[in-house]
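Order of the sequence lines sets the chain letters (A, B, ...), proteins ahead of strands, with each chain counted from 1. Heavy atoms only: backbone and side chains are in, while hydrogens, waters and symmetry mates are out.
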Protein chains: 2
Amino acid sequence: MDAVFHALAHGARRTMLRRLAERELTVGELAEPLEMSLAAASKHVQVLERAGLVKRTVTGRRHVCRLEAAPLASASAWLNFYERHWTERLDALEALFTDEGTDR
Amino acid sequence: MDAVFHALAHGARRTMLRRLAERELTVGELAEPLEMSLAAASKHVQVLERAGLVKRTVTGRRHVCRLEAAPLASASAWLNFYERHWTERLDALEALFTDEGTDR
DNA sequence: CCTATCCTCAACCACATGGTTGAGGATTCG
DNA sequence: CGAATCCTCAACCATGTGGTTGAGGATAGG
């Protein structure tokens with residue numbers, strides 16, 4: 001879980017995932033829109049790989065990457081535990097009004 | 001967004017959030033179950049604060065923390081973009097995805 | 001075979017993270 | 001007042017992160 005959230009904590013890696021959601025891409029294609037060297041982008045791919053978010057298939061000299069979304073499901077499940085807390089605000093406000101009615 | 005995911009990428013901080021989901025807690029109470037010094041735990045609280053996930057109210061010498069779940073809603077929304085990838089295994093409708101570049 | 005291409009690796013650098021200890025400010029309590 | 005409590009800050013250390021450049025392995029294409 002640490003690895004997944006850490007992988008998501010960098011814009012370049014989120015951009016990679018976003019593009020991989022459309023189709024498979026090579027490391028070079030993933031690196032192309034980013035303003036950094038190919039070696040730096042390659043490291044980011046490795047971070048995504050260690051988090052289980054990307055699988056790599058080496059065909060010849062090309063490394064084709066594809067999205068592996070399963071860990072994102074775990075992360076989403078973890079976050080949904082807190083769903084009450086960002087939907088509950090209206091309820092709390094509502095309770096405040098009713099308390100004013102009885103309390104004061 | 002970087003800050004939110006980074007804040008979630010450490011077990012100690014996730015434990016803090018989990019406990020804050022039940023009730024407000026002081027820094028000392030948050031630190032108590034963790035196997036680290038109070039000063040270290042205090043730094044973790046600061047990380048959560050910078051990410052907007054925790055608000056602090058200083059009353060006397062006690063610093064009372066409460067959960068601020070709104071940033072988690074954003075993170076959850078970001079993750080839900082990928083929901084189809086872990087629910088629909090091999091779909092041919094991926095061309096429906098909208099523009100990629102605007103991560104941020 | 002020769003060369004251009006794709007990608008990783010290694011070394012290096014600057015800076016952030018995550019932990020410690022010690023000092024001390026502010027507050028509460030006897 | 002004096003002492004205990006809660007917490008932050010500063011200094012320090014080890015390690016990780018994110019970037020660079022340069023070298024080079026493997027493969028595809030003439």
Side-chain angles (χ1 to χ4, degrees), chain A residues 1-20 22-68 71 75, chain B residues 1-20 23-68 71 75 101 103-104:
Chain A
M1 196 63 114
D2 286 28
V4 174
F5 281 126
H6 171 252
L8 298 178
H10 195 290
R13 291 192 289 263
R14 289 199 302 278
T15 298
M16 287 179 170
L17 291 180
R18 180 79 68 165
R19 296 183 63 214
L20 287 174
E22 299 186 37
R23 53 184 160 88
E24 297 186 347
L25 291 166
T26 67
V27 173
E29 288 168 337
L30 284 170
E32 188 270 331
L34 305 174
E35 293 180 353
M36 65 179 67
S37 68
L38 175 63
S42 172
K43 287 191 192 178
H44 284 297
V45 173
Q46 287 172 26
V47 170
L48 291 170
E49 228 175 346
R50 264 183 263 127
L53 291 166
V54 159
K55 295 293 184 198
R56 180 194 308 242
T57 308
V58 180
T59 58
R61 63 189 172 183
R62 292 156 46 91
H63 295 216
V64 179
C65 303
R66 74 164 190 280
L67 178 65
E68 201 74 17
Chain B
M1 195 64 114
D2 285 30
V4 174
F5 280 126
H6 171 251
L8 298 179
H10 196 289
R13 291 192 288 263
R14 289 199 301 277
T15 298
M16 287 179 169
L17 291 180
R18 180 78 67 165
R19 297 182 62 213
L20 287 174
R23 53 185 156 83
E24 297 186 345
L25 292 167
T26 67
V27 173
E29 288 168 336
L30 285 170
E32 187 268 331
L34 305 175
E35 292 181 354
M36 64 179 68
S37 68
L38 175 63
S42 172
K43 287 190 190 179
H44 284 297
V45 173
Q46 286 171 27
V47 171
L48 291 170
E49 229 175 346
R50 264 182 263 126
L53 291 166
V54 158
K55 294 294 184 197
R56 180 193 307 243
T57 309
V58 181
T59 58
R61 64 190 171 184
R62 293 158 43 93
H63 293 215
V64 178
C65 302
R66 74 166 191 282
L67 178 65
E68 201 75 16
D103 178 54
R104 182 46 182 76

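At a non-hydrogen distance threshold of 4.0 Å, B/K43, B/H44 from residues 42-49 of chain B come into contact with DNA chain C. Looking at residues 33-41 of chain A, you'll see A/L38, A/A39 sit with a heavy atom under 4.0 Å from some atom of DNA chain C.
Atoms CD (A/E32) and P (C/dC7) sit 12 Å apart, rounded to a whole Å. Here D/dC6 presents its P atom at 14 Å from CG of B/L30, a figure rounded to the nearest Å. Atom CG of A/D2 and atom P of D/dG16 are 14 Å apart (whole Å). In this entry the distance linking CZ of A/R13 with C1' of D/dG18 reads 9 Å, nearest Å. A/H6 places its NE2 atom 11 Å from the P atom of D/dG16, with the value rounded to the nearest Å.
Residues satisfying the salt bridge (Lys or Arg N to Asp or Glu O under 4.0 Å) criterion with B/R19, sequence neighbours excluded, are absent altogether. Applying the salt bridge (Lys or Arg N to Asp or Glu O under 4.0 Å) criterion to A/R66, with sequence neighbours excluded, gives A/E68. The side-chain contact (heavy atoms from CB on, under 4.5 Å) search around B/A3 returns B/A51, not counting sequence neighbours. With sequence neighbours left out, A/E24 forms a salt bridge (Lys or Arg N to Asp or Glu O under 4.0 Å) with no residue at all. Residues satisfying the side-chain contact (heavy atoms from CB on, under 4.5 Å) criterion with A/M1, sequence neighbours excluded, are A/F5, A/W78, B/R14. Partners of A/A40 under the side-chain contact (heavy atoms from CB on, under 4.5 Å) rule, at least two apart in sequence or in another chain, are A/M36, A/S37. With sequence neighbours excluded, no residue forms a salt bridge (Lys or Arg N to Asp or Glu O under 4.0 Å) with A/E32. Every side-chain contact (heavy atoms from CB on, under 4.5 Å) that B/L38 has, sequence neighbours left out, goes to B/V27, B/A31.
Residue pairs that meet the salt bridge (charged side-chain N to carboxylate O under 4.0 Å, His left out) test with at least one member in residues 34-48 of chain B, sequence neighbours left out, do not exist here.
Close placement of the B/H44 and B/H10 rings is indicated, their centers lying within 6.0 Å of each other.
At D/dG19, one or more side-chain N or O atoms of A/H10 fall inside 4.0 Å of OP1 or OP2 (strictly under the cut-off).
Nearest heavy-atom pair across A/C65 and A/V45 is SG-CG1, 4.0 Å.
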Please tabulate the protein-to-nucleotide N/O contacts below 3.5 Å involving nucleotides 28-30 of chain D, giving atom names and distances.
from, atom 1, to, atom 2, distance (Å)
D/dA28, O4', A/R61, NH2, 3.4

